[in-house]
Every structure is written in C-alpha cells, then in structure tokens.
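Because the structure is predicted, anything quoted here is derived from the model rather than measured. Residue numbers count from 1 along this sequence.
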Amino acid sequence: MADYGLPDLPFHAGPLLTGHDAYEGMSLSERKRLLGLFVIMTRRLPITYRTFVHRKSDFDDNRQRFEAQLKRDIVNLLLAHLSDFHSYGTVKVYYDGGQQIVTDALRGGIEYALSKDAIVYRDASPRDYRLEQVADFLCTLELTCEKFRNGEQTETDNKFFGDWKSFRVNYLKPIRRKRLES
C-alpha cells in the first residue's frame with residue numbers, strides 16, 4: 001500500500017464505503033483505490049468461502065428458528081466437505097462474536113459435524129487478522145449482490161461498484177470462483 005501512497009489500514013468494508021472511522025477524511029478516490037488493492041489481494045489468496053443469506057423477517061423474529069436454519073446450513077456444508085475438514089489436525093474458528101445468534105449457530109453446527117477435540121475457538125479482531133478482513137469483504141460483496149438483486153442498492157453501492165453489470169463482472173464473478181459449493 002505504501003507503494004501506492006495509501007495508508008496501511010485494516011480493511012473494514014462498511015467504514016471504507018461510507019468514509020467513517022479510520023477512513024474519515026479520505027477522498028472517495030483513495031477509498032476506491034484501497035478497495036481495489038484489497039480485491040486484488042483477495043483474488044490471489046488460496047481460499048474458498050461460503051456465505052449464507054437469510055432475512056430475519058422470514059423467520060417472524062423467531063430467534064430459535066433463525067438459529068436452527070443457520071446451524072443447519074453450517075452442518076450441511078461441513079458434512080458435504082467432511083473429508084476436507086478431516087484432513088486437518090485442528091480446525092480453528094476465528095470469530096469476533098459480533099452477533100450472538102451467529103456465534104451460537106457456528107458453535108452448534110461445527111461441534112455437531114466435527115470432533116470437539118479437533119476444534120479451537122479464537123476471538124478475532126479484524127485489525128489483527130487479514131483473513132477476517134477478507135471474510136468481511138466477502139460478506140459485503142454477497143450482501144451487495146442481494147441488494148442489487150432486490151433493487152435495494154444504495155447510492156454508496158453505486159459509487160463504489162457501479163451498476164449491477166459492473167458489480168457482477170468486476171467484483172462478484174471473479175470472487176465467486178472461490179466459492180465453496182455445498
């Protein structure tokens with residue numbers, strides 16, 4: 001980033017897009033350049049990912065039903081790729097504990113599908129782990145995809161990603177090549 005005259009800040013999609021927190025005072029073009037560098041890094045990483053998209057309103061604000069669905073999604077994904085996960089001696093789960101329902105579903109799903117003895121949980125702060133920053137970015141892209149599909153994109157989405165076609169071609173399609181299918 002120094003080579004591009006940009007500050008080495010931990011990536012956090014929401015504040016980057018809106019110009020808040022550590023990005024306050026940065027111009028739109030600087031923030032777009034930071035996003036572009038992060039996109040390039042993410043494309044080059046040897047990772048796979050999977051996100052699950054649900055609207056809380058589809059569960060009539062029933063926390064138990066919502067958590068059960070998340071847990072089911074996680075279990076199904078883990079079981080579909082069980083041999084991959086068993087090839088590791090230890091599975092480390094890094095989560096910042098941002099949403100209790102996600103924390104509970106992750107723990108429940110992972111402990112159901114994998115041996116409890118092979119799991120290590122770690123608190124994670126996005127500023128400390130690039131992979132957590134990547135996860136934040138991937139979730140932001142998938143959420144932005146949903147917003148475009150439902151005609152709910154914001155002016156900020158349009159400023160950073162352009163229209164649906166530009167977003168799909170320049171951001172979503174290249175990243176989706178890394179998506180882990182269930």
Side chains of residues 43-50: which donor-acceptor pairs under 3.5 Å do they make with residues two or more places apart or in other chains?
unit_1 : atom_1 : unit_2 : atom_2 : d
R43    : NH2    : N170   : O      : 2.3
Y49    : OH     : E142   : OE2    : 2.7

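- For the pair V75 and L78, the minimum side-chain heavy-atom distance is 4.5 Å or more.
- Interatomic distance, CD of E181 versus CZ of R176, reported as 8.0 Å (0.5 Å rounding).
- A 4.5 Å side-chain heavy-atom check between Y94 and L131 finds every atom pair outside the cut-off.
- Applying the ring-ring contact (aromatic ring centres under 6.0 Å, His included) rule to pairs touching residues 163-182 yields F148-W164, F148-F167, F161-F167, F161-Y171, sequence neighbours excluded.
- Under the side chain to side chain contact (heavy atoms under 4.5 Å, CB included) criterion, H54 pairs with F52, F59, F66, Q69, L70, D73, not counting sequence neighbours.
- Looking at Q153 and N158, their side chains come closer than 4.5 Å, going by heavy atoms from C-beta outward.
- Scored by the salt bridge (charged side-chain N to carboxylate O under 4.0 Å, His left out) test, R33 finds no partners at all (sequence neighbours excluded).
- To the nearest 0.5 angstrom, L16 atom CG is 10.5 Å from T156 atom OG1.
- The side chain to side chain contact (heavy atoms under 4.5 Å, CB included) search around D84 returns H81, not counting sequence neighbours.
- Considering only residues two or more places apart in sequence or on other chains, K147 meets the salt bridge (charged side-chain N to carboxylate O under 4.0 Å, His left out) condition with D157.
- Note that SG of C145 is 13.0 Å distant from CD1 of I175, once rounded to the nearest 0.5 Å.
- For the atom pair CD1 (I74) and CG (L106), the distance works out to 4.5 Å, reported to the nearest 0.5 Å.
- D163 is linked by a side chain to side chain contact (heavy atoms under 4.5 Å, CB included) to K165, S166, counting only residues two or more places apart in sequence or in another chain.
- The heavy-atom pair separating D136 from A13 by the smallest distance is OD2-N, 2.7 Å.
- Listed by first then second residue, pairs satisfying side-chain hydrogen bond (donor to acceptor under 3.5 Å, both in side chains) with a partner in residues 16-28 read T18-H20, S27-S29, S27-E30, not counting sequence neighbours.
- Looking at heavy atoms from C-beta onward, L28 lies in side-chain contact with F160 at the 4.5 angstrom threshold.
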Dump the intermediate steps for side chain to side chain contact (heavy atoms under 4.5 Å, CB included) on L34 and M26, then the final yes or no.
CA-CA 10 Å; L34 279 171; M26 291 180 73; 3.3 Å; yes
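- Judged as a salt bridge (charged side-chain N to carboxylate O under 4.0 Å, His left out), and not counting sequence neighbours, D61 has no contacts.
- With sequence neighbours excluded, the residues forming a side chain to side chain donor-acceptor pair (under 3.5 Å) with R55 are E152, listed by chain and number.
- For R149, the salt bridge (charged side-chain N to carboxylate O under 4.0 Å, His left out) partners two or more places apart in sequence, or in a different chain, are E146.
- A distance of 5.5 Å separates CZ in R179 from OG1 in T51, rounded to the nearest 0.5 Å.
- A salt bridge links R63 to E67: one of the charged nitrogens lies within less than 4.0 Å of a carboxylate oxygen.
- The side chain to side chain contact (heavy atoms under 4.5 Å, CB included) check on R107 picks up E111, Y121, with sequence neighbours excluded.
- Counting only heavy atoms from C-beta outward, the side chains of L114 and L82 approach each other to under 4.5 Å.
- When the side chains of ILVMFWY residues are joined at heavy-atom separations under 4.5 Å, either directly or via intervening members, L77 and V53 end up in two distinct hydrophobic clusters.
- Remark: Q64 CD to I101 CD1 distance equals 8.0 Å, nearest 0.5 Å.
- F11 places none of its side-chain heavy atoms less than 4.5 Å from the side chain of M41.
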